[in-house]
Amino acid sequence: MVILYHASNKRIEKIENPENKQIGLLKDFGYGFYCTKIQIQAIKWVERKYKFNGFVNEYFYDEERAKKEVKVKVFKPDDEWLDFIIKNRTSVLECEFDIVEGPMADDQIYNHIDDLYDGIITRKEFWKLAEFSYPTNQICFLTEKSITYLKFKGVKKYGKV
């Protein structure tokens, strides 16, 4: 079992079906339930998005079983990852995977992705600019089946919530 973290403005014991897609949400790996293996990353997300006033929900993730039973894609920071993010950030895709994991395209990285997409920089220039200064991780649960591999562990409050 792996412990995953999800930043939110609320406690989330029961995860809603990620297949109920919301129009306009163009994210790195598509619309789904996003978590991370890096606790400090989730805490920083609470600080940034919820102004130090939110929750970090914790889940047990049965990663071994998921990799045997559903389609799991694990990306490295490479051209395949970059192309997948560009496609997801520019249109709503039907994804062939149930769970997708890989680095997070934060604001700085995403600015470089925009420049690449707009033809301002080349792919080679992108990779020079986008050197990851610190590790990031995101795991997106895209289907109703995928969230069955998560079990609520607990929650930590931050701020006055």
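Being a predicted model, the structure only gives us computed values, none of them experimental.
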| request: Might you work through the ring-ring contact (aromatic ring centres under 6.0 Å, His included) test for Tyr61 and Phe141, ending with a clear yes or no? | output: CA-CA 11 Å; Tyr61 170 39; Phe141 296 82; 5.3 Å; yes
| field | Chi angles and distances behind the salt bridge (charged side-chain N to carboxylate O under 4.0 Å, His left out) call for Lys67, Glu63 | value | CA-CA 6 Å; Lys67 287 182 176 179; Glu63 184 175 33; 3.5 Å; yes
| request: Take Leu150 and Phe60, measure what side chain to side chain contact (heavy atoms under 4.5 Å, CB included) needs, and give me the verdict at the end. | output: CA-CA 6 Å; Leu150 295 175; Phe60 292 111; over 6 Å; no
| said: For a side chain to side chain contact (heavy atoms under 4.5 Å, CB included) check, start with the C-alpha distance between Ile85 and Glu80, then their side-chain angles and the critical distance, and finish with the verdict. | reply: CA-CA 9 Å; Ile85 288 176; Glu80 184 185 21; over 6 Å; no
| Residue pair Arg123, Asp83: steps toward the salt bridge (charged side-chain N to carboxylate O under 4.0 Å, His left out) verdict | CA-CA 10 Å; Arg123 194 170 282 262; Asp83 292 339; 2.7 Å; yes
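In this structure, Tyr34 has its ring center no closer than 6.0 Å to that of His6. For Tyr5 and Phe55, the distance between ring centers is not under 6.0 angstrom.
Residue-environment remark: CD (Glu125) exceeds the threshold of 12 foreign heavy atoms within 6.0 Å.
Between Lys153 and Ile3, the shortest heavy-atom distance links the atoms CE-CD1, 3.6 Å. Of all non-hydrogen atoms in Ile86 and Ile113, the two that sit nearest each other are CG1-CG2, 3.6 Å. Residues Val70 and Lys145 share a closest heavy-atom pair of CG1-CG, 3.5 Å. When all heavy atoms are compared, the tightest approach of Cys140 to Gly30 is SG-O, 4.1 Å. Here the closest heavy-atom approach between residue Cys35 and residue Tyr59 is recorded as SG-CD1, 4.4 Å.
Arg48 contributes atom CZ, which lies 15.5 Å from atom CD1 of Ile43 (distance to the nearest 0.5 angstrom). Separation of atoms CD (Gln39) and CG (Leu4) is listed at 11.5 Å; rounding is to 0.5 Å. In this structure, OH in Tyr31 is found 14.0 Å from CG in Asn88, a value given to the nearest 0.5 Å. In this structure, Ile15 CD1 and Thr148 OG1 are separated by 10.0 Å, a value rounded to the nearest 0.5 Å. Between the CG atom of Leu82 and the CZ atom of Phe75 there is a distance of 10.5 Å, given to the nearest 0.5 Å. If you take OH on Tyr149 and CE on Met1, they are separated by 11.5 Å, rounding to the nearest 0.5 Å.
Looking only at atom types and distance, the side chain of Trp127 has a donor-acceptor partner in the side chain of Asp79 under 3.5 Å away. No side-chain N or O of Ser8 forms a donor-acceptor pair with one of Asn57 less than 3.5 Å apart.
Side-chain N or O atoms of Asp118 include none that pairs as donor or acceptor with a backbone N or O of Ile120 at under 3.5 Å. Distance alone, capped at 3.5 Å, places no donor-acceptor pair between the Ser146 side chain and the Ile99 backbone. Of the possible donor and acceptor atoms, one in the side chain of Gln138 sits under 3.5 Å from a partner among the backbone N and O of Pro103. No donor-acceptor pair under 3.5 Å is formed between the side chain of Glu69 and the backbone N or O of Ala66.
Two residues are said to be in side-chain contact when any heavy atoms from C-beta on lie closer than 4.5 Å; Phe97 and Thr143 fail this criterion. Contact of the Met104 side chain with the Lys27 side chain is not registered, since no non-hydrogen atoms from C-beta on lie closer than 4.5 Å. Looking at Leu129 and Asp115, their side chains never come closer than 4.5 Å, going by heavy atoms from C-beta outward. Between Ile139 and Thr36, the closest side-chain pair of non-hydrogen atoms is not below 4.5 Å. Side-chain contact between Phe152 and Ile12: absent, with no pair of heavy atoms (C-beta onward) separated by less than 4.5 Å.
Classification of the Phe126-Trp81 ring pair by plane angle, with boundaries at 30° and 60°, yields tilted.
Partner of Glu101 under the salt bridge (Lys or Arg N to Asp or Glu O under 4.0 Å) criterion, out of Lys71, Lys76, Lys37: Lys37 alone.
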